[in-house]
Amino acid sequence: MKRTLEQTINIICNRIHISVEEYLQHTENFEKWCRDCNGWRDRDNFHIDRSRRDGLTDVCKSCNNLRVAKYKKENRDEINRRAHDKYWANIEESRVRVRKS
């Protein structure tokens, strides 16, 4: 069963503990709530995600950059192994790409 827009707004407001009027005021100002930093950000600060109702991710770009940096730091060996495997799986294409750069 699909929720109505009013039901969705009420769920969001309850989740972030604000009134519906305050929520509507922020959305009129083209702001969106970031669930990581728990703050209102301009809608330009969010990546596009067409699978979501509003078409934007729920984490702002700066928080997402911190997540990615943390992941890369914690999983450096795995990332390097995957890059190595990808290079050797397509060795001819990889060599051509390296020569062009």
Side-chain angles (χ1 to χ4, degrees):
M1 183 173 145
K2 207 168 191 179
R3 292 185 191 121
T4 65
L5 181 58
E6 185 176 319
Q7 289 172 328
T8 303
I9 290 173
N10 284 328
I11 291 169
I12 293 169
C13 291
N14 288 335
R15 189 175 294 150
I16 60 177
H17 309 293
I18 62 170
S19 66
V20 173
E21 294 80 21
E22 187 179 351
Y23 175 81
L24 294 175
Q25 182 181 5
H26 283 289
T27 55
E28 287 174 5
N29 294 331
F30 299 103
E31 294 177 327
K32 183 173 169 64
W33 180 262
C34 173
R35 71 179 176 106
D36 271 10
C37 59
N38 294 325
W40 290 98
R41 302 282 181 257
D42 191 274
R43 292 177 63 86
D44 293 338
N45 291 327
F46 292 84
H47 291 288
I48 294 172
D49 182 359
R50 298 194 191 285
S51 66
R52 299 181 58 84
R53 178 176 250 176
D54 65 354
L56 300 171
T57 58
D58 55 351
V59 178
C60 68
K61 289 179 180 178
S62 59
C63 291
N64 187 57
N65 290 343
L66 293 173
R67 281 181 169 192
V68 169
K70 180 181 176 187
Y71 175 83
K72 285 182 177 182
K73 183 178 179 182
E74 291 174 354
N75 298 289
R76 170 166 271 163
D77 294 336
E78 176 66 19
I79 293 168
N80 288 342
R81 186 192 59 74
R82 275 192 247 142
H84 176 269
D85 292 347
K86 182 179 178 182
Y87 176 85
W88 286 102
N90 304 305
I91 188 68
E92 291 304 319
E93 294 173 21
S94 299
R95 287 180 177 167
V96 169
R97 189 179 66 248
V98 169
R99 286 183 191 129
K100 286 183 180 180
S101 59

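Nothing here was measured: the structure is a model prediction, and the numbers come from that model.
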Kindly indicate whether the side chain of [X], heavy atoms from C-beta on, has any atom under 4.5 Å from the side chain of [Y].
X: Arg82; Y: Lys86; result: no
X: Tyr23; Y: Glu31; result: no
X: Phe46; Y: Val59; result: no
X: Ser94; Y: Trp88; result: no
X: Lys32; Y: Arg41; result: no
X: Asp49; Y: Asp58; result: no

Decide if atom [atom1] of [X] counts as having more than 12 heavy atoms of other residues, nucleotides or ligands within a radius under 6.0 Å.
X: Arg15; atom1: CZ; value: no
X: Arg52; atom1: CZ; value: yes
X: Lys61; atom1: NZ; value: yes
X: Gln25; atom1: CD; value: no
X: Gln7; atom1: CD; value: yes
X: Ile48; atom1: CD1; value: no

Atom of Thr4, atom of Arg53 and distance for their closest heavy-atom approach: O-NH1, 4.0 Å
For the residue pair Val20 and Cys13, what are the closest heavy atoms and their distance? CA-SG, 3.7 Å
Taking only Lys NZ, Arg NE, NH1 and NH2, and the carboxylate oxygens of Asp or Glu, determine whether Arg81 and Asp85 approach each other closer than 4.0 Å. yes
If you measure from [atom1] on [X] to [atom2] on [Y], what distance do you get to the nearest 0.5 Å?
X: Arg35; Y: Ile16; atom1: CZ; atom2: CD1; value: 13.5 Å
X: Asn14; Y: Ser19; atom1: CG; atom2: OG; value: 11.0 Å
X: Asp42; Y: Cys60; atom1: CG; atom2: SG; value: 11.0 Å
X: Thr27; Y: Ile12; atom1: OG1; atom2: CD1; value: 9.5 Å
X: Arg97; Y: Tyr87; atom1: CZ; atom2: OH; value: 8.5 Å
X: Asn64; Y: Asn45; atom1: CG; atom2: CG; value: 12.0 Å

Relative to each other, are the rings of His26 and Trp40 parallel, tilted or perpendicular (30° and 60° limits)? parallel
ILVMFWY network linking Ile11 to Leu5, side-chain heavy atoms under 4.5 angstrom: no
Test Leu66 against Lys70 for side chain to side chain contact (heavy atoms under 4.5 Å, CB included), laying out the working first. CA-CA 6 Å; Leu66 293 173; Lys70 180 181 176 187; over 6 Å; no
